[in-house]
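Just so we're on the same page: letters track the sequence lines, and every chain starts at 1.
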Number of protein chains: 2
Amino acid sequence: MMSMYTKNINTHLIEIKNYFKAAISVDCVIFGFNNDELKVLLIESDLKEYKGKWSLLGDIVRPDEELDEAAYRVLKARTGLDNVYMEQVQTFGGINRHPAGRVITVAYYSLVNIEHVELKMHNNELHWHSVKDLHEMAFDHKQILDTCHERLKQQVMVQPVGFNLLPKKFSLRELQNLYEAILDVELDRRNFRKKFLSMDLLLDLNEEEEDVPHRPAKLYKFNFDKYDQRKKRYLGIGF
Amino acid sequence: MMSMYTKNINTHLIEIKNYFKAAISVDCVIFGFNNDELKVLLIESDLKEYKGKWSLLGDIVRPDEELDEAAYRVLKARTGLDNVYMEQVQTFGGINRHPAGRVITVAYYSLVNIEHVELKMHNNELHWHSVKDLHEMAFDHKQILDTCHERLKQQVMVQPVGFNLLPKKFSLRELQNLYEAILDVELDRRNFRKKFLSMDLLLDLNEEEEDVPHRPAKLYKFNFDKYDQRKKRYLGIGF
DNA sequence: TCAAAAGTGTTCCGGGTACACCCATGT
DNA sequence: ACATGGGTGTACCCGGAACACTTTTGA
């Protein structure tokens, strides 16, 4: 009786080979931004159970591989990109979530500049899908996507991560469209501009859009260095 | 070459037994609140590598067990409590984090009323430790604890989860002490009271503290029903 | 000259913060 | 009476929200 309490893996472990083991995978929710829409990079599954359904990009974690490493490996293999924003979100371990047996998956989301990926996308089966009109997916991947999207919404309101989805140079309009797409809200243009300009973190490049059929907008880039140097203040209790 | 890209577990899985598997555990960061201090429930490790060091409460996930179930099982076994606030936080998969082999652990934190636990704590080796003066721990458990504490800080500012650490009836002073302990800040008493009373979510019980050597404080309880009925508003972008 | 989007300021309101005094109770 | 913490109100400031007109460019 006592032994069932005390003989656990943090205290009196006997032999690890006596324990149940499961396959571990990582799944990457790779977000991009294009045509004023939040996109996610998906692949068609060929597993017979999910034939033709969209699935996230993922793979099994290797014996000598950290979880983050595995996620970066998947991302790199699929997009050619490295050094992009990535964050672990949640782990999904439903008993029957994978038809081949118990596979526990650690979900990550990452934010990439969709222009940089396009180069690597020819002749394979990857597709950028609008997050908004995506309903059915393979496995529990819709749930994973929703969870990651929710996390992204929270992050984007509190940290300057959205810029990872934009080109280095962007207009305030593009930035606003990005926020509107991620949060699925409409924002007042003047207040949005005022807000971001008053943060004093956008660097005015003294450049303008080109080839637009209207008055060209000024281009900015985000001053990450300046942001990093600022200390955060206490945020207050707000619910 | 192409095959390394396409033959992954979400698309062309061959046989799951060919893949590397790891042991999966859950670790619970069980927070309590006592003597105006944030506490965490720990156990001494008897593994020779960590003899005498403090470790979190955790155990291996069973073959037919959901991750959340496993976490609740650990919690129940150690505290006798069920139906408490619990939230998955992050998964730690460092290659050498466990001396017995690769063990990937999913970390949860939970918030319990420390009074309810005390009953079950006699004659075992569990201890409530002040989070503030806890430095060295077994495994990577200090890192796990820090991550969970950080998450708790974020949550407590945005959702009414703190009440799970208090008795059903509490004074505003106790509530303030709780926030100060979790966030490690000092708050102005008048503003704190105004804030919480203006939320109109505290139910005045028309009762008072007893046996205190000064003017007794009024007791309140949190109106969870009322909170649940309110819709959240858009929070704004704030970083 | 027209269409389309860029750019710009003011007012109002609510919440955050700083701050000091009287009150109720037990010893 | 005294010590201890409970309870209260006001003034200021800043940031969020609502809101309409002029400017620049390409077609």
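Between A:Y50 and A:F139, a ring centre-to-centre spacing shorter than 6.0 Å is recorded.
Note: CG (B:D211) to P (D:dT4) measures 19 Å, nearest angstrom. The distance from atom CG of A:N191 to atom P of C:dG9 is 14 Å, rounded to the nearest whole Å. Atom P of nucleotide C:dA18 and atom CD of B:E186 are separated by 12 Å, given to the nearest angstrom. Summarising the geometry, the separation between CG on B:D188 and C1' on D:dG6 is reported as 14 Å, rounded to the nearest angstrom. Rounded to whole Å, the distance from CD on B:E208 to P on D:dG6 is 12 Å. What separates NE2 of B:H214 from C1' of D:dG5 is a distance of 5 Å, to the nearest Å. Between the CG atom of B:D204 and the P atom of D:dG7 there is a distance of 9 Å, given to the nearest Å. Between the CD atom of B:E209 and the P atom of D:dT4 there is a distance of 16 Å, given to the nearest Å.
When distances run from any side-chain atom of B:A217 to the nucleotides C:dA6, C:dC19, D:dG6, the shortest one goes to D:dG6. Picking from C:dT17, C:dA6, D:dA18 the nucleotide with the shortest atom distance to the side chain of A:R215 gives C:dA6. The nucleotide whose nearest atom lies closest to any side-chain atom of B:R189 is, among D:dG6, D:dA17, C:dC19, D:dG6.
Taking the six-membered ring where the residue is Trp, B:H127 and B:W54 present perpendicular rings, their angle passing 60° and hence far from 30°. Ring geometry for B:F196 versus B:F163: interplanar angle over 60°, hence perpendicular rather than tilted (30 to 60°).
Counting only heavy atoms from C-beta outward, the side chains of B:L38 and B:L152 approach each other to under 4.5 Å. No side-chain heavy atom of A:L202 sits less than 4.5 Å from a side-chain heavy atom of A:N223.
Two residues, A:P216 and A:S198, neighbour DNA chain D, and the one matched to the more 5' nucleotide by heavy-atom proximity is A:S198. Comparing A:P213 and A:K218 by the nucleotide of DNA chain C whose heavy atom lies nearest to each, the residue mapping closer to the 5' end is A:P213.
Between B:R173 and the phosphate of D:dG6, there is a side-chain N or O to OP1/OP2 separation shorter than 4.0 Å. Proximity of A:K195 to the phosphate of D:dG16: a side-chain N or O atom is located under 4.0 Å from OP1 or OP2. Checking the phosphate oxygens (OP1, OP2) of D:dG7, a side-chain nitrogen or oxygen of B:R193 falls inside 4.0 Å.
Taking 3.5 Å as the limit, the base of C:dT17 and the side chain of B:K194 contain a donor-acceptor pair of atoms between them. Under 3.5 Å, the side chain of B:R190 and the base of C:dA20 form at least one donor-acceptor pair of N or O atoms.
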